[in-house]
Amino acid sequence: MIDLEDIQGLVFSGHGHMPWSRFIFLRVSNAVPARTWLQQVIPEIVSSKARSRSEAKPEATAHIAFTAEGLAAIGLNASTLDAFPREFTEGMSSGQRPRVLGDVNANDPQKWEFGGPNTEPIHILLALYAQSQNRMTEYEQASWYPSSSTGFSLVYSQNSHRQSVNEPFGFRDGISQPAVIDGPIPLPTDPNALPPLTPGEFVLGYNNEYANMSPAPAVPAASDRNTILPPDADDATARSFGRNGTFLVYRKLKQDYDAFWGWCEEATRKQDGSVDPDAKEMLAAKLVGRYKSGCPLTLSPKADNPALGASDNNNSFKFADKDLEGYACPIGSHIRRANPRDVLHPNGPERSVAISNRHRIMRRGRPYSETLESGTKEVGLLFIAINADLQRQFEFIQQTWLVNPKFNGLFNDEDPLVSNADGPGTMTIQREPVRQKLHGLPQFVTMRGGAYFFLPGLRALKYLANLAG
Ligand code: HEM
């Protein structure tokens with residue numbers, strides 16, 4: 001069974017009933033008071049057990065995650081840190097990562113607001129969620145609310161108030177999430193739903209889709225003075241620091257609403273120059289793979305079915321039997337790239353699902369909306385993903401599926417929603433008798449900053465808070 005009580009609640013819940021959230025990025029200036037601070041905040045963290053149906057829904061929660069630099073700054077020993085994967089220790093903005101992730105030109109880390117090479121290093125992400133604005137204000141007044149006297153400097157802060165189920169382009173979001181065996185959420189019963197995944201895809205120290213245990217870095221048993229951590233699976237002289245932890249991807253993605261809808265309008269303008277609202281909506285849906293209601297094009301190819309979009313069956317579909325050629329949901333649409341389900345040619349449906357299942361993520365994104373100093377309003381998505389293997393899951397999706405122009409037999413198209421940082425793109429819409437090729441897709445989404453974090457289990461957090469020296 002999964003040790004839900006030790007896993008931070010964000011892994012198994014997006015906290016949908018808590019619309020207010022704040023993401024506070026901190027730099028540790030003094031490890032000793034920072035550890036005392038950690039001790040005070042840990043009781044605020046709701047575990048994944050809270051997601052079980054029998055548990056009352058929390059009014060508020062905190063979550064804490066560390067960058068590799070942050071783990072070092074709080075005092076984790078260097079050899080344990082070395083056991084973490086390279087993409088995490090290198091960080092999102094250094095080495096090969098920007099090239100892997102398509103963070104070039106307008107997305108270049110040099111231009112980021114935070115998390116880039118020109119901005120203050122990030123050590124800790126403190127994510128706060130609350131049911132009401134008042135509850136968030138109570139958090140602000142709490143004794144542990146970060147200040148320089150608690151051993152930190154504030155690097156960056158981001159508010160989010162989620163007012164609907166839609167992301168800023170207007171599409172219902174947060175629909176397709178992986179089901180997890182032995183998790184707190186009942187598994188789907190619909191035979192058309194995707195199969196549930198092993199817990200090791202989302203939590204370290206459990207079996208994953210390769211029937212291997214997802215590797216969890218260990219610490220010398222002697223450093224765990226109060227025997228807080230679980231035993232290491234292989235080594236009696238070590239305790240497991242990584243077990244029940246996972247990796248969190250944070251990317252602030254600015255969305256250009258006017259460019260997105262303006263382009264859809266121009267691309268579908270009638271010959272007499274008038275706007276065709278239905279064609280415009282349909283084209284936007286083709287780029288996403290779902291209508292704004294959330295209804296999948298594969299299940300309703302000709303027109304939106306809002307009731308289906310809002311229903312529990314809005315994710316019960318695969319592509320191979322109904323939509324192999326992409327006549328309903330284009331091969332290059334966002335959702336078909338982000339999860340090709342059973343159509344990863346030439347392997348056949350079953351094999352394709354098995355492959356797709358090795359590249360899934362839990363999405364925990366939140367919208368943001370803010371007025372810049374210039375007076376302009378900016379909207380976007382605080383993209384947050386949870387996965388046990390940054391490279392095999394988040395980075396693979398981004399690199400091999402979203403920004404790859406040759407994805408699944410396509411010739412020169414990138415993801416129509418989140419790509420095209422390297423110049424205007426194309427989008428192919430499969431249809432009979434001939435496919436339609438649209439040109440001049442601008443960049444609709446721009447990267448503003450982000451980082452890779454480790455989201456430790458609660459016992460691992462207590463271990464860090466208790467470190468000596
Ligand atoms: C601002 C940027 C983005 C927007 C507006 C956006 C929007 C959407 C929408 C509307 C959906 C369909 C609803 C749903 O299933 O929840 C979706 C699904 C999805 N998106 Fe994104 N997305 C963005 C960025 C990303 C990025 C960067 C990734 C991964 C690297 C990603 C991965 C996914 C995945 C895995 C799904 C579910 C696919 C499925 O299982 O059917 N998205 N997105």
Side-chain angles (χ1 to χ4, degrees), residues 14 16 92 100-103 107 164-179 188 192-195 197 201-202 248-257 259-261 284-299 309-310 313-319 323 329 333-343 353 356-369 378-387 390-404 407 414-421 443-448 450 452:
M92 189 188 276
V100 165
L101 300 173
D103 287 338
N107 287 353
S164 85
V165 292
N166 299 342
E167 52 70 43
F169 288 148
F171 290 80
R172 192 185 181 98
D173 200 5
I175 299 172
S176 179
Q177 301 281 15
N192 296 314
L194 290 167
L197 305 185
E201 291 298 304
F202 304 103
L248 183 151
V249 178
Y250 186 102
R251 283 168 77 80
K252 179 175 179 178
L253 300 174
K254 176 185 133 187
Q255 293 179 244
D256 191 338
Y257 179 93
F260 178 79
W261 286 105
K286 290 270 185 189
L287 301 187
V288 173
R290 291 183 186 263
Y291 298 93
K292 285 200 290 192
S293 70
C295 171
L297 268 72
T298 294
L299 294 184
N313 292 330
N314 60 7
N315 202 33
S316 300
F317 67 96
K318 299 190 193 85
F319 299 114
D323 194 13
C329 179
S333 64
H334 178 65
I335 70 155
R336 196 157 166 163
R337 283 174 175 272
N339 182 9
R341 300 181 187 226
D342 59 347
V343 284
V353 171
S356 298
N357 281 350
R358 293 171 177 172
H359 310 286
R360 305 283 312 273
I361 47 176
M362 290 283 183
R363 286 173 303 132
R364 299 291 179 232
R366 294 261 160 161
Y368 75 90
S369 167
E378 180 176 309
V379 295
L381 185 70
L382 307 171
F383 174 85
I384 297 176
I386 304 269
N387 50 198
L390 287 165
Q391 195 176 45
R392 175 165 64 80
Q393 294 169 273
F394 164 69
E395 288 192 347
F396 184 95
I397 296 175
Q398 177 85 13
Q399 180 186 27
T400 313
W401 288 348
L402 298 188
V403 304
N404 175 10
F407 169 77
E414 295 182 18
D415 184 284
L417 279 196
V418 305
S419 298
N420 301 321
Q443 181 180 11
F444 299 132
V445 167
T446 310
M447 174 67 180
R448 308 289 273 144
Y452 288 151

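Every number for a ligand or one of its atoms is a count from 1 in the order of the listing. Quick caveat, the model's predicted, so the values are computed rather than measured.
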Indicate the atoms forming the closest heavy-atom contact of Phe202 with Arg360, along with that distance. CE2-O, 3.8 Å
With side chains defined as the heavy atoms from C-beta onward, is the minimum distance between Glu395 and Leu101 less than 4.5 Å? yes
Considering only NZ, NE, NH1 and NH2 on the basic side and carboxylate oxygens on the acidic side, decide whether Asp103 and Arg251 come within less than 4.0 Å. yes
Mark yes or no for whether Glu167, through its side chain, and Phe169, through its backbone, hold a donor-acceptor pair below 3.5 Å. yes
Taking only non-hydrogen atoms of Arg251, do any sit less than 4.0 angstrom from ligand 1? no
Does Arg337 reach the main-chain N or O of Leu402 with its side chain, forming a donor-acceptor pair under 3.5 Å? yes
Counting heavy atoms under 4.0 Å, the part of Leu381 that contacts ligand 1 is side chain
Could you check whether any side-chain heavy atom of Val249 comes within less than 4.5 Å of a side-chain heavy atom of Tyr452, counting everything from C-beta outward? yes
Quick one: are Met362 and Pro178 in side-chain contact, heavy atoms under 4.5 Å? yes
Could you check atom 10 (C) of ligand 1 against the protein and tell me its nearest heavy-atom contact, residue, atom and distance included? Phe171 CB, 3.5 Å
Measure the distance from atom 38 (C) of ligand 1 to every protein heavy atom, then report the residue, atom name and distance (to 0.1 Å) of the closest one. Asn339 CB, 3.8 Å
Evaluate Asn315 for polar contact with ligand 1, using N/O atom pairs at a separation under 3.5 Å. no
May I ask you to test the Phe317-Asp323 pair for a side-chain heavy-atom distance under 4.5 Å? no
Within 4.0 Å of some non-hydrogen atom of Arg341, the atoms of ligand 1 are 39 (C), 40 (O), 41 (O)
Within the 4.0 Å heavy-atom shell around Gln398, which atoms of ligand 1 are there? 27 (C), 30 (C)
Check each atom of ligand 1 against the heavy atoms of Phe394 and keep those under 4.0 Å away; list them by number with element. 30 (C)
Considering only heavy atoms of Ser176, which atoms of ligand 1 have at least one such atom less than 4.0 Å away? 14 (C), 15 (O), 16 (O), 37 (C), 39 (C), 40 (O), 41 (O)
Member of Asp173, Asn315, Asn314 meeting the side-chain hydrogen bond (donor to acceptor under 3.5 Å, both in side chains) criterion with Arg290: Asn315
Numbered in order shown, the ligand 1 atoms found under 4.0 Å of a heavy atom of Arg172 are 10 (C), 13 (C)
What one should report as the nearest heavy-atom pair of Cys329 and Gly289 is SG-CA, 3.7 Å
Main-chain N/O of Gly102 paired to Gln398 side chain as donor or acceptor, under 3.5 Å: no
N or O contact, Leu402 vs ligand 1, cut-off under 3.5 Å: no
Given a threshold of 2.8 Å, state how many protein N/O/S atoms are nearer than that to atom 21 (Fe) of ligand 1. 1
Taking non-hydrogen atoms only, is Gln177 closer than 4.0 angstrom to ligand 1 via side chain, backbone, both or neither? neither
Are Phe383 and Ile361 packed together at the side-chain level, in the sense that at least one heavy-atom pair is separated by less than 4.5 angstrom? yes
